[in-house]
Amino acid sequence: MIKGLNFIERNLDGYIDLDSYLLEKYGSVMIKNNSDIKRDSNIIMITINNDIYYFKPCSNEEIFKEMLADKMLEYLGIEHACYDLACINGEYGVISQNFKDSNYNYISGDDLIYEYYNDNNLEKKEFNFDKFNNLIDIWNLLEIRYNYYPNKEVIVKNIMYNLNEKFMFDIITCQWDGASYNWMIAENSTYAKLAPVYDNQKMLDGLDYDKNKNLNIKVDEFNPTRTEYDNLVELKKYLNYSSEEFVQIFKNMFKSLTPANIKWMLITIESELRIKISHKIKESILARYTYNYNQIEKILEEELSKKR
């Protein structure tokens, strides 16, 4: 959970009541009337006591999937954006504190790929995010980008290790929106690293356990080629191409995130925030997660038995 907003009261639903805070400070809750609040698409940036926070409106289930992902990543020890419940201007969602370090510039995976295209004079008609938003090609892009850094090997190794962790987490949570705009590199003239993991509200979307399918089909209006994500297909490829070290890391992560642990995390979120997540939302998240977990377990047994 984020820190620093304890002085703002929560409403009866347990959400940080930014409406009351803005009303007291400005005499208005209308975003356009407040000089230190900006809206970028559906994200609202707000400055409170000189600290920057980002508010993202979400559906009820998306709110608690984001909160759950926060708790899961904390449990795994993976650096990530921390979230809390908040409401502003009548909208409910999650709020996170700006994690950007002023000593670094930040480049999204999208921009990293665009720059690669520009540097290599490739035609935009050839542009395909699906081709480059994978571990092997990202590795190549990083090798080129940081080629003249004296510590290039350390930089690329560390970023790739952390991207592997994110990729594993995406597989386990069936995070179909692990797109190249949802991860960033922090860099300066001497060093670069992966920014904290963020934006997991879409995990488990599209899992149809009633029909025994495990396919996520989503259309991205900005890039029609990014239409499909099957985490079991990605898992099979990962197990076949990864080193034994990373396969073991995946197995350890998988064993840490059992359905029983996920249930405990949801209960912990309720306890920490003194709220009650609706039974329908908890059952929906747990049922899909359990189904997905069991499917992954089968794949692990099948694929690893081939290597024995």
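The closest side-chain heavy-atom distance from Met160 to Leu142 is below 4.5 Å. Side-chain contact between Tyr15 and Arg10 is absent, with no heavy atoms from C-beta onward closer than 4.5 Å. Put simply, the side chain of Leu68 does not reach to within 4.5 Å of the side chain of Tyr289, judged on heavy atoms. For the pair Tyr53 and Thr47, the minimum side-chain heavy-atom distance is 4.5 Å or more. Side-chain contact between Phe167 and Leu135 is present, with heavy atoms from C-beta onward closer than 4.5 Å. Inter-residue side-chain proximity for Asp101 and Tyr106 is flagged as met; some heavy-atom pair is nearer than 4.5 Å. The side-chain heavy atoms of Cys87 and Leu18, taken from C-beta on, include no pair separated by under 4.5 Å. Looking at heavy atoms from C-beta onward, Leu273 lies in side-chain contact with Asp84 at the 4.5 angstrom threshold.
Shown here for Ala195 and Phe99, the closest heavy-atom pair between the two residues is CB-CE1, 4.0 Å. In plain terms, the two heavy atoms of Met72 and Met265 that are nearest each other are CG-SD, 3.5 Å.
Asn188 and Thr190 share a donor-acceptor pair across their side chains, judged by distance under 3.5 Å alone.
Ring pair Phe254/Tyr293: centre-to-centre distance below 6.0 Å. A distance below 6.0 Å separates the ring centres of Tyr161 and Phe246.
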Kindly indicate, with the supporting measurements, whether the criterion side chain to side chain contact (heavy atoms under 4.5 Å, CB included) is fulfilled by Ile296 and Phe250. CA-CA 11 Å; Ile296 292 175; Phe250 179 87; 4.2 Å; yes
